[in-house]
Q: 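Got a structure here, written out as structure tokens. Questions coming.
The model shown is predicted, which means the values in this text are computed figures rather than measured ones. Proteins get letters first, then strands, A, B, ... in listed order; numbering begins at 1 in each.
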Amino acid sequence: MERDFVRISDVKVSGNQGLEVKLRGWVYRTRGSNRMLFIVLRDSSDIIQCVGSRDDLGDEVFETARALNIESSISVMGTLNEDKRAPGGYELHLKAVEPVSPAERFPITKDQSEEFLRDNRHLWLRSRKMNAILKIRSTVTGAIHEFFRMRGYYEFTPPILTPNAAEGGSTLFEVKYYDRKIYMTQTWQLYAEAAIFSLERIYDVSPTFRAEKSKTSRHLSEFWMAEMEAAWMSYRQAIEVAIEEVRFIIAKVLEKNRNELEILEADTSRLEPLLSKEWPVITYTEALRILKEKMGMDVTWGKDLRTIEEEALMENFDTPVTVLQYPKEAMAFYKPVDPEADAPGPVAKCFDMIAPEGYGEIIGGSERDTDVSAISEALEREGEKVENYDWYLDLRRYGSVQHSGYGLGVERLIAWICRLDNIKDAIPFPRTLTRVTP
RNA sequence: GCCGCAGUAGCUUAGCAGGUUAGAGCGUACGGCUGUUAACCGUAAGGUCGUCGGUUCGAAUCCGCCCUGCGGCGCCA
């Protein structure tokens, strides 16, 4: 009996005219009169309109079916019919309707604010929109695993609870840990650097926590980063990997999720050309020149690019752009100077990838300094206690090698691919400055 | 930390140069409808207008404090 049920997406194909099938799922919409009844049924795969008449079902079943609330779970039996009047072109002519568990009045109705839907995210996950986003999210993280494993990388899992900061103590979440205080991880990087001396090439897809007081549509307090770290690799090689990775992910989404992109109104013609185009790689210094010549914006050399400048820069491109060699002064302690760079001042062996359409930085990465004294001095300049980083410095004392890595903001990438207005919809249960529920 | 915007029924909102019982749509309840597309028609219930205080004969409307939320800047992925 159980095996007789089929998925909606499997029956919504031509050639099934008149076929008798059993479906089960949830009531997505209902309409009708006292003789006709329309139930749009939803399962994980798709939706289909079910049509029932009082004559076919009999008074008792008809009245039971008519009384079903939205989101009641039901199983149905009927014959398939191609009909232009049905949304989606196919419908099921009902012969039987059996409630599994009738729903109470569903709180989500026609008009809802974005915030109301986020308050009810536990129920809104059932929407076509969230269903589509979650499917794409699954493709994206699956593609990341596939991409790195195909290239001989090992998955390496970092600790989530960490004793000290990696980039600026002010954005750390404190955790009561027995009788001490520790922190939620901001990046796997320090641990990844330890691991490459064993595994050489590693990656992860892990949660990251940042207590930044940023209230924007691009920030989450808990988000997922897909990182990589590789021994014997320059930052320029890491850039090549990063571009390949993002292209690979987009190709996978285009391959698997065309229906979902359509539901999200995330026009695939934005994404398709990306696969055949070159993605520019420019230096920070060149970026300043573009800003001055094409946008009339004067940025003092040495200042980090701010959001308005990044957005202005991206108006000149329709693909992601990688900007490398930012001024060393503005960069974190572990990013080494590139002595070969052609720039007005010292620049770091580092890069950011900026997404088009205003979605901002999706990747940040760099080569990692291997010079113990350079790191120590940089740490002191940032006001950190060098002794806290003793084990990290050990990695330079025992057979250090050139190595690089980067982190990809999974939700920012998903938000861009899905053309979302807000990054909060790129993750099932968003955590922000003000939101910790549901 | 800084700068904007908002808070009126379960939800989405109108009303805001102060003036009778604060309107509507959706949802809900009941009734009607043989093909609907978050249908349509009718009836009904549903509101301490975020809080506290002030101005006034009179405050949803004007003023002030506070609370809550949203977005943006800085910072970041």
Side-chain angles (χ1 to χ4, degrees), chain A residues 27-40 42 47-56 62 66-67 69-71 81 83-89 91 93 104-120 127-128 166-168 170-171 186-189 205-227 242 246 303-311 330-332 351-355 358-365 406-416 421-424 426-427 432-435:
Chain A
V27 174
Y28 183 67
R29 301 281 185 268
T30 60
R31 298 178 279 273
S33 63
N34 68 358
R35 299 225 142 256
M36 294 289 288
L37 169 75
F38 300 88
I39 296 174
V40 179
R42 168 183 80 72
I47 59 174
I48 189 168
Q49 172 163 286
C50 304
V51 189
S53 66
R54 191 183 283 276
D55 292 343
D56 290 345
F62 186 86
R66 200 156 91 128
N69 278 331
I70 300 259
E71 289 304 322
N81 184 41
D83 194 315
K84 273 187 243 166
R85 292 173 295 184
E91 63 187 16
H93 280 252
E104 295 176 22
R105 187 182 64 77
F106 200 61
I108 299 174
T109 58
K110 186 180 174 184
D111 296 307
Q112 328 86 346
S113 62
E114 292 298 310
E115 277 314 291
F116 180 79
L117 296 178
R118 287 179 195 130
D119 287 340
N120 289 283
S127 65
R128 299 203 88 196
E167 21 196 293
S170 62
T171 65
Q186 288 182 306
T187 166
W188 80 330
Q189 190 195 318
V205 184
S206 305
T208 297
F209 305 88
R210 296 199 182 164
E212 289 162 0
K213 293 192 174 168
S214 302
K215 297 167 77 172
T216 82
S217 54
R218 301 184 309 280
H219 286 86
L220 292 166
S221 301
E222 176 185 273
F223 64 98
W224 287 67
M225 274 225 279
E227 297 157 293
V246 176
K303 301 262 184 195
D304 205 350
L305 292 181
R306 296 175 302 168
T307 306
I308 25 166
E309 283 125 24
E310 281 183 358
E311 281 175 4
M331 294 295 116
F351 63 96
D352 283 344
M353 188 189 293
I354 309 168
Y359 285 93
E361 293 168 26
I362 52 172
I363 286 180
Y406 62 82
L408 164 68
V410 173
E411 286 78 14
R412 284 201 182 163
L413 177 64
I414 292 169
W416 167 45
D421 293 334
N422 199 305
I423 198 169
K424 293 185 191 109
I427 189 166
T432 68
L433 195 56
T434 51
R435 177 178 291 286

Q: Counting any heavy atom closer than 4.0 Å, what does E91(A) reach on the DNA or RNA strands: base, sugar-phosphate only, or nothing?
A: base
Q: Atom NZ of K84(A) to atom P of G35(B): distance rounded to whole Å?
A: 19 Å
Q: Pull out every protein N or O sitting under 3.5 Å from an N or O of nucleotides 1-4 of chain B, one pair per line with the distance.
A:
residue: G1(B); atom: OP1; partner: K213(A); partner atom: NZ; Å: 3.2
residue: G1(B); atom: O6; partner: K213(A); partner atom: O; Å: 3.2

Q: Report yes if at least one side-chain N or O of T216(A) is closer than 4.0 Å to OP1 or OP2 of C73(B); otherwise report no.
A: no
Q: Once side-chain contact (heavy atoms from CB on, under 4.5 Å) is applied, do any residues pair with K303(A), and if so which ones, sequence neighbours excluded?
A: V299(A), T300(A)
Q: Expressed in whole Å, how much space separates the C1' atoms belonging to G32(B) and A24(B)?
A: 23 Å
Q: Could you run through RNA chain B and flag its stems, i.e. three or more consecutive Watson-Crick or G-U pairs with both distances under 3.5 Å?
A: B:1-7 with B:67-73, B:10-13 with B:23-26, B:28-32 with B:40-44, B:52-54 with B:62-64
Q: Mind checking what makes salt bridge (Lys or Arg N to Asp or Glu O under 4.0 Å) contact with R66(A), not counting sequence neighbours?
A: E63(A)
Q: With R128(A), which residues qualify under side-chain contact (heavy atoms from CB on, under 4.5 Å), at least two apart?
A: Y28(A), D46(A), I47(A), I263(A)
Q: Distance-only, no hydrogens or angles: does the T216(A) side chain make a donor-acceptor pair with backbone N or O of R218(A) under 3.5 Å?
A: yes
Q: OP1 or OP2 of G72(B) sitting under 4.0 Å from any side-chain N/O of T307(A)?
A: no
Q: Would you mind reading off the distance between E310(A) atom CD and C73(B) atom C1', rounded to a whole angstrom?
A: 14 Å
Q: Which residue lies toward the 5' end of RNA chain B, D83(A) or R306(A), if each is placed at its nearest nucleotide?
A: D83(A)
Q: Measure CD1/I39(A) against P/G35(B) and give the value in whole Å, please.
A: 17 Å
Q: Mind checking side chain to side chain donor-acceptor pair (under 3.5 Å) for E311(A) and listing every partner two or more places apart, or none if nothing turns up?
A: none
Q: Under the 3.5 angstrom rule, does the side chain of R210(A) hit a backbone N or O of Q186(A) as a donor-acceptor pair?
A: yes
Q: For G72(B) and C16(B), measure between their C1' atoms and round to the nearest Å.
A: 27 Å
Q: Identify, between H93(A) and I423(A), the residue whose nearest nucleotide on RNA chain B lies closer to the 5' end.
A: H93(A)
Q: Among residues at least two apart in sequence or on other chains, which ones pass side chain to side chain donor-acceptor pair (under 3.5 Å) with E71(A)?
A: R42(A), R126(A)
Q: Donor-acceptor pair, R105(A) side chain versus N69(A) backbone, under 3.5 Å?
A: no
Q: When you measure from the side chain of P87(A), which nucleotide among U36(B), C75(B), G69(B) comes out closest?
A: U36(B)
Q: So which nucleotide from A77(B), C70(B), G74(B) ends up closest to the side chain of R412(A)?
A: A77(B)
Q: Would you measure the distance from the C1' atom in C49(B) across to the matching atom in A6(B) and give it in whole Å?
A: 14 Å
Q: Excluding sequence neighbours, so at least two apart, what forms side chain to side chain donor-acceptor pair (under 3.5 Å) with N422(A)?
A: none
Q: For S113(A), check side-chain contact (heavy atoms from CB on, under 4.5 Å) against everything at least two apart and list the hits.
A: E115(A), F116(A)
Q: Taking C3(B) as the reference, what is the distance to C76(B) when you measure between their P atoms (whole Å, please)?
A: 22 Å
Q: In whole Å, what separates the P atom of G69(B) from that of G64(B)?
A: 23 Å
Q: Taking only the C1' atom of each, what is the distance from A45(B) to A9(B) in whole angstrom?
A: 11 Å
Q: For G35(B), is there a stacking contact with F38(A), counting only centres under 5.5 Å and planes under 30°?
A: no
Q: Between G10(B) and Q112(A), counting only base atoms on the nucleotide and side-chain atoms on the residue, is there a donor-acceptor pair under 3.5 Å?
A: no
Q: Among A77(B), G35(B), G74(B), which is the nearest nucleotide to the side chain of E361(A)?
A: A77(B)
Q: G35(B), C70(B), A77(B): which one has an atom nearest the side-chain heavy atoms of E212(A)?
A: A77(B)
Q: Would you please name every residue forming a salt bridge (Lys or Arg N to Asp or Glu O under 4.0 Å) with D56(A), sequence neighbours left out?
A: none
Q: How far, in whole Å, is G1(B) from U8(B) if one measures between their C1' atoms?
A: 33 Å
Q: Using side chain to side chain donor-acceptor pair (under 3.5 Å) as the criterion, list what pairs up with E411(A), not counting sequence neighbours.
A: R137(A)
Q: At under 4.0 Å between heavy atoms, which parts of nucleotides 27-34 of chain B does protein reach? Answer with one letter per nucleotide, 5' to 3': B base, S sugar-phosphate only, - none.
A: SS----BB
Q: What's the CD-C1' distance between E114(A) and G71(B), to the nearest Å?
A: 13 Å
Q: Between atom CD in E311(A) and atom C1' in G72(B), what is the gap in whole Å?
A: 10 Å
Q: Closest heavy-atom contact between T187(A) and E227(A)?
A: OG1-OE2, 3.1 Å
